[in-house]
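What follows is a short report on a single structure.
Order of the sequence lines sets the chain letters (A, B, ...), proteins ahead of strands, with each chain counted from 1.
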Amino acid sequence: MAELSGWFPVAASHDLPLRHVFQAKLFDREMAIWRADDGNVNVWENRCLHRGVRLSIGVNEGLELKCQYHGWRYANKTAGCIYIPAHPANAPARQITNRTYPAVERFGLVWTTLEKDLSFDVVWPDGDWSVLRAIPVHAGPDAVAAALCKVLGAVPRPDIHAFAYALSTLCEAPVLALLQPQDSGKTVIRCLLSGGAQMERRLAVQANATLTRFRNIVEADASLEPVESEPVFEPVASELAEPPAASPDAMTVRVERKWQVAEGITGLTVVPTTGNLPAFQPGAHIDVTLPTGVKRQYSITDGPGTWKSWTIAVKNEPNSRGGSRFIAETLRQGDLLSVSEPRNNFPLRRDAAETLLIAGGIGVTPLLAMARALAAVRSGFRLHVFARSETHVPLADQLDGLLPAVTLHLALDPAQVAQRLAEVIGPHAPGRQIYACGPGGMTQSVLAIAEELGWPEEAVHFENFNNDHVIDTSSAFAVDLARSALSIDVPAGQSLLSVLRAHGVELPSACERGACGTCRAEVIEGTPDHQDAYLSRGERASNRHIITCVSRSRTPRLVLDL
Amino acid sequence: MRLFDYEYSAECYKVRLLLSILEIDHEIVPVDVHPGRENESAEFLALNVLGEVPVLVSDELILRGANAILVWLSRRFDPEAKWLPNEPMPAAVCQGWLTIADRLAAGVGTARMTLSRGETLPDKRATSEAHRLLRAVDEHLWFAERRGDDWLVPLPHPTLAEIACFPDIALCEEAGVSRIDYPAIRRWMDRVRRIERFTLMSGIFPASPPAPRTPVNQTQTESLS
């Protein structure tokens with residue numbers, strides 16, 4: 001049907017209790033509308049990007065909406081897909097984002113528009129108004145508008161809205177009616193009664209009865225059977241059909257708060273300078289580009305569905321290469337930072353019966369986000385934090401919110417740490433998963449102890465901040481790039497990644513010291529000389545991947561899928 | 001106690017719901033109504049000459065039809081008489097909803113079974129009648145919400161009215177009857193599905209768990225005046 005520009009009401013505020021998904025339609029577009037636990041109202045296209053199932057039958061989990069069909073999860077506000085159960089160990093591509101419509105909640109109604117960048121411009125008469133029961137009528141908006149004037153003596157109020165009418169015949173108090181065109185055959189009448197919270201039940205019953213009679217008159221000619229028109233869906237965004245860009249888009253954020261979150265650890269809360277922050281998955285990090293040009297990776301610590309700010313924590317390394325020292329000493333509140341979109345090399349499975357989160361010191365940051373995501377869906381988890389002392393526990397106040405699932409292990413020597421790890425890890429059982437993050441030595445201990453206790457490698461996940469290996473760059477080898485049809489020589493003293501870039505082959509990278517896994521490439525032929533701390537033992541043995549920033553070749557020639 | 005049951009039947013689902021909610025020990029005897037037509041077998045006709053499920057066989061008696069079974073199970077296994085109230089007003093109102101439930105079953109319920117067998121509906125009477133009933137139920141529930149009532153019968157807890165009305169309402173979209181225009185019904189469906197020991201059937205999806213008392217991430221609340 002012909003669309004009108006402007007904002008239209010699509011729900012009443014009282015239609016959106018917490019943990020409910022409301023179904024609406026405007027100009028043939030079906031919408032799933034849900035209020036998150038933080039109060040935010042989401043107006044989304046009513047289909048899951050996966051199989052097109054209506055999200056209005058989905059599950060409102062408070063800060064995420066889960067599709068009923070295959071469990072794809074979308075984040076509050078951004079509608080970014082943050083989890084795909086069929087790929088529990090993989091992070092969904094950032095581009096998978098549901099279509100959202102603008103949402104404004106005013107005068108007891110939820111409003112949206114099909115237009116982009118249209119500011120909310122409905123001017124409302126003074127006074128308190130309360131929202132009556134909406135009445136859907138099986139007739140087009142023009143027919144309903146004409147009948148309102150003819151049958152009920154309505155007076156158009158174009159000064160308020162193109163489809164606003166003043167009504168004095170509905171009940172003993174004045175009423176404002178707004179029309180919501182669903183499609184060419186159906187219109188919802190949304191009435192507001194002057195008098196606000198004092199809305200008398202008697203008036204509400206009167207108005208409802210008058211409107212019901214009115215509806216029967218309008219529908220008398222037409223069949224009651226709805227003229228079911230097929231909902232219109234926007235074509236899927238072209239970027240979803242294309243491979244992801246090589247490097248994530250940078251954006252600018254402002255430091256809203258900087259404070260000491262533990263001894264030697266600085267906390268930063270950053271907010272976007274425009275719009276909202278994109279969706280992220282638990283375990284994700286952002287690259288922060290510092291004025292010195294260095295890029296550093298910091299994990300987002302926030303819970304699911306956070307879109308207004310991110311909190312990261314930075315350990316001040318005494319022998320800092322310029323990253324942490326700058327943040328600790330130079331950066332001020334109000335300063336701007338260039339950050340990447342969130343990337344996730346440490347994805348969290350959501351299908352575990354019990355998740356064991358093991359943190360060493362600053363390694364608690366990605367695990368805090370995971371703990372919050374698991375707590376939000378009441379999934380069983382324990383968070384064990386190892387630290388030198390209580391004052392060395394980062395973001396301790398935020399850990400309090402997760403009690404009693406958090407256990408602190410303080411002031412232990414390496415032998416005691418190993419013993420305690422063996423106790424908390426315990427025997428493996430189906431459905432148990434470990435996520436460990438901390439200094440290289442500690443994650444190595446977790447891996448070794450878990451293996452001793454019979455844990456399969458795929459149940460133990462880890463993220464390193466550092467690569468403790470001393471990088472040996474003395475070898476020289478050749479690489480063939482299968483897709484680029486290039487053959488390149490990598491001389492001693494230069495990294496594979498830098499040589500690739502010198503030949504115009506773009507690969508994303510982050511830490512460039514073999515810890516984060518961002519610059520991973522697929523190996524088709526040849527045996528890599530693994531020098532990274534990212535790949536697991538099994539992944540190394542399979543020789544199917546190489547971390548290009550530090551690893552080299554044991555064979556004279558490597559063939560890469562680049 | 002044995003329930004002669006057809007998984008896909010909304011009438012049988014009513015009984016399965018109450019058996020589960022009241023935690024009554026029972027055995028399910030599957031009757032292959034379609035395509036097996038076991039309900040027309042001599043064996044089954046001996047239990048119910050109408051050849052219809054559900055049939056409940058206990059040591060004490062044999063009961064046929066959902067309403068009869070629901071009433072007996074409530075009186076027999078719910079000593080507090082919550083599901084089938086004793087007081088005159090709620091008892092009468094509850095019976096009123098059992099009547100509405102029967103009309104939904106005869107109309108949209110039958111239409112759903114017809115379509116599920118791959119047949120077409122003779123006319124639109126069943127779906128039109130469903131919309132007429134759903135409008136009335138939605139209106140009732142909207143005003144109930146305004147009074148602070150969550151349930152069809154004005155009591156602080158659900159009754160047989162919910163058990164009897166929920167299945168055909170929750171399955172009506174399988175008969176092509178959309179619930180988009182009945183938001184108060186959609187909210188009531190969330191509440192019904194959160195009843196303790198509520199059980200699912202094919203076509204009925206779980207509701208999200210209720211919000212915790214203290215919402216998380218309060219700091220995020222945007223002022224939406």
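Crowding of B:E119 atom CD: a count of heavy atoms from other residues, nucleotides or ligands under 6.0 Å exceeding 12.
By number of non-hydrogen pairs under 4.5 angstrom with chain B, the leading residue of A:A36, A:A24, A:A375, A:G401 is A:A24. Chain B forms more heavy-atom pairs under 4.5 Å with one residue of A:R378, A:E61, A:E30 than with any other, namely A:R378.
For A:F107 and A:W129, the distance between ring centers is not under 6.0 angstrom.
With a threshold of 4.5 angstrom between heavy atoms, B:E145 does not approach chain A through any atom at all. Using a 4.5 Å cut-off between heavy atoms, B:D190 contacts chain A through its side chain alone, with no backbone atom that close. In this structure, chain B has a heavy atom under 4.5 Å from the side chain of A:R215, while its backbone stays farther away. Only the backbone of A:V21 comes within less than 4.5 Å of a heavy atom of chain B; no side-chain atom from C-beta onward does. No part of B:R193 comes within reach of chain A, as not one of its non-hydrogen atoms sits under 4.5 angstrom from that chain. Contacts between B:P209 and chain A at a heavy-atom distance below 4.5 Å involve backbone atoms as well as side-chain atoms. For A:S13, no part lies near chain B; criterion is any non-hydrogen pair under 4.5 Å.
Closest approach of B:L200 and B:F205 over heavy atoms only: CD2-C, 3.8 Å.
A salt bridge links A:D15 with B:R187: the distance from a Lys NZ or Arg NE/NH1/NH2 to an Asp or Glu carboxylate oxygen falls below 4.0 Å.
Between A:W72 and A:Y74, the angle of the ring planes lies from 30° to 60°, which puts this pair in the tilted group. Ring planes of B:F166 and B:Y13: tilted class, angle from 30 to 60°.
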A:H14 and B:W142: ring-ring contact (aromatic ring centres under 6.0 Å, His included), yes or no, with the steps?
CA-CA 10 Å; A:H14 68 237; B:W142 193 88; 5.5 Å; yes
